[in-house]
Protein chains: 2
Amino acid sequence: MARWEPDARGRLRRAALDLYDERGFEETTVQDIADRAGVTERTFFRHFADKREVLFDGSGQLEEAIVSAVRASTADDALTMALDGVAGSAGFFDGRMEWATRRARIIDAHPALRERELLKLSTLSAAIAETLRGRDVSDAEASLVADVAVALFRGAFQRWIGGGGADFAACLRSTLDDFDVLARSSGVRSAE
Amino acid sequence: MARWEPDARGRLRRAALDLYDERGFEETTVQDIADRAGVTERTFFRHFADKREVLFDGSGQLEEAIVSAVRASTADDALTMALDGVAGSAGFFDGRMEWATRRARIIDAHPALRERELLKLSTLSAAIAETLRGRDVSDAEASLVADVAVALFRGAFQRWIGGGGADFAACLRSTLDDFDVLARSSGVRSAE
DNA sequence: TCCGGTGATGACAGTTGCTGTCATCGCGTG
DNA sequence: CACGCGATGACAGCAACTGTCATCACCGGA
């Protein structure tokens with residue numbers, strides 16, 4: 001056991017979420033977060049690249065889970081592979097409903113945080129596309145399909161946050177159903 | 001005539017682009033830009049919200065042009081209206097090829113700038129969606145169609161930048177053709 | 001003609017995000 | 001017991017951004 005308390009990173013994550021929630025993102029200084037976590041400001045920046053990144057600490061794992069699921073998919077068309085990937089993220093949110101809700105509310109309220117989220121989603125889309133290319137999908141199709149998959153992921157996430165406690169997998173299924181209906185009514189039609 | 005030189009905003013815009021190009025974005029300080037433009041740092045921040053925004057000065061006009069074109073479209077389905085909107089942006093880039101190329105190179109090289117670009121595109125998509133809703137398109141379809149239109153806009157822009165001098169409208173047509181081909185091969189098929 | 005309002009700017013101090021650097025301290029290893 | 005390693009503290013410093021007040025040309029009305 002070290003002389004300093006372990007899990008400084010986790011304490012910083014929790015302190016940041018709480019403070020952003022209580023006072024607002026701009027009204028919270030990194031010094032405030034560090035104080036509440038019992039470390040110095042410098043230690044905050046050793047764990048997180050900047051003041052926003054602390055809210056996106058799990059994004060690497062999420063991306064890894066999705067990419068693995070794409071790689072493991074037994075489907076033989078690109079869209080289904082990508083959707084299998086998104087489905088592979090369901091476990092990531094188990095028991096994190098309250099955390100995800102508070103986090104989403106904070107992010108939506110601040111353009112600076114929305115920027116960062118868009119960048120993460122863009123990175124995720126690129127990672128999915130790259131994985132699809134590794135499975136013999138053409139460049140253009142890989143990008144397009146990855147974008148669609150991420151859009152559906154966002155839709156499912158929104159539904160999960162806003163809905164009445166259904167689990168993420170169910171929300172994803174509903175979102176896919178709506179997508180099918182919409183695609184038909186929009187002048188494109190799903191293949192058999 | 002004022003005692004100060006007019007068009008400080010334009011000089012700042014040009015100075016910033018030149019300096020970001022010559023030295024790189026992070027290596028350029030706002031003081032550098034202000035010096036070259038012959039104003040103070042404070043004046044820079046009166047014209048632009050932050051160091052990144054100076055590269056996105058035209059985005060409001062672009063959005064306005066696209067939204068107007070959506071409003072003016074005589075099409076009767078949402079996707080065609082949105083694509084008419086994107087087509088309405090063609091004139092915006094006339095004679096700005098070199099500017100757009102340098103700007104795109106700078107933005108692609110810096111995550112902080114890519115973030116801002118993603119936010120602008122997200123805002124654009126929201127504006128298109130809102131306009132479609134005003135033309136009796138359902139909520140969900142408006143968002144989806146707007147996202148697709150923005151994706152195609154990005155594709156056309158990429159082609160215009162990378163291609164050999166074709167005009168933007170031609171690039172947009174090629175991108176739409178590819179999209180049709182891709183949609184057919186991806187398991188969806190365009191309606192007649 | 002003078003006079004007050006307006007709009008763009010300069011000057012300057014202050015806060016905060018973020019970085020570089022060096023010292024410290026406990027822990028494991030040989 | 002010495003040594004290196006990893007996580008942290010301490011501190012100086014730069015650059016982004018903001019608030020505030022003064023200045024000065026211009027413009028419209030009395």
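Protein chains get the first letters and strands the later ones, always in sequence-line order, with residue 1 at the start of each.
- Contacts between residues 15-38 of chain B and DNA chain D, defined by a heavy-atom separation below 4.0 Å, involve Thr28(B), Thr29(B), Val30(B), listed by number.
- Across the protein-nucleic acid pair, Glu41(A) atom CD and dT16(C) atom P stand 10 Å apart, rounded to whole Å.
- Grouping Ile, Leu, Val, Met, Phe, Trp and Tyr by side-chain contacts under 4.5 Å, direct or through others, puts Phe56(A) with Leu12(A), Leu17(A), Leu19(A), Tyr20(A), Phe25(A), Val30(A), Ile33(A), Val39(A), Phe44(A), Phe45(A), Phe48(A), Val54(A), Leu55(A), Trp99(A), Ile106(A), Ile107(A), Leu113(A).
- For the 3.5 Å distance criterion, the side chains of Thr40(A) and Arg46(A) fail to qualify, holding no donor opposite an acceptor.
- With the nearest nucleotide of DNA chain D identified for both Lys51(B) and Arg46(B), Lys51(B) has the one nearer the 5' end.
- dT8(D) atom C1' lies 12 Å from atom CG of Leu12(A), rounded to whole Å.
- Partners of Phe93(A) according to the ring pair (Phe, Tyr, Trp, His ring centres under 6.0 Å) rule, which considers only residues two or more places apart in sequence or in another chain, are Phe157(A), Trp160(A), Phe168(A).
- To the nearest 0.5 Å, atom CD1 of residue Ile161(A) and atom CE of residue Met97(A) are 6.0 Å apart.
- Judged by distance alone, the side chains of Asp178(A) and Thr175(A) never bring a donor and an acceptor atom under 3.5 Å apart.
- Applying the 4.0 Å criterion to OP1 and OP2 of dA7(D), one finds that Thr43(A) has every side-chain N and O outside that range.
- At whole-Å resolution of the value, CD in Glu53(A) and P in dC18(C) are 10 Å apart.
- Listed candidates were dT18(D), dC17(D), dT9(C). Nearest to the side chain of Ala8(B) is dT9(C).
- No side-chain N or O of Glu63(B) forms a donor-acceptor pair with one of Ser59(B) less than 3.5 Å apart.
- Atom-to-atom, CZ of Arg52(A) to C1' of dA16(D) comes out at 12 Å; the value is rounded to the nearest Å.
- When rounded to the nearest whole Å, the span between CZ of Phe44(B) and P of dA11(C) equals 18 Å.
- Atom CZ in Arg42(A) sits roughly 8 Å away from atom P in dG20(C) (whole-Å rounding).
- Side-chain N/O atoms of Asp177(A) and Ser174(A) include no donor and acceptor closer than 3.5 Å.
- Listed nucleotides dA16(D), dG9(D), dA8(C) differ in distance to Trp4(B); the shortest reach to its side chain belongs to dA8(C).
- One interatomic measurement links the two molecules: CG of Asp7(B) to P of dT9(C), which rounds to 10 Å at whole-angstrom precision.
- At the phosphate of dA8(C), neither OP1 nor OP2 sits under 4.0 Å from any side-chain N or O atom of His47(B).
- Across the protein-nucleic acid pair, Arg9(B) atom CZ and dA8(C) atom P stand 11 Å apart, rounded to whole Å.
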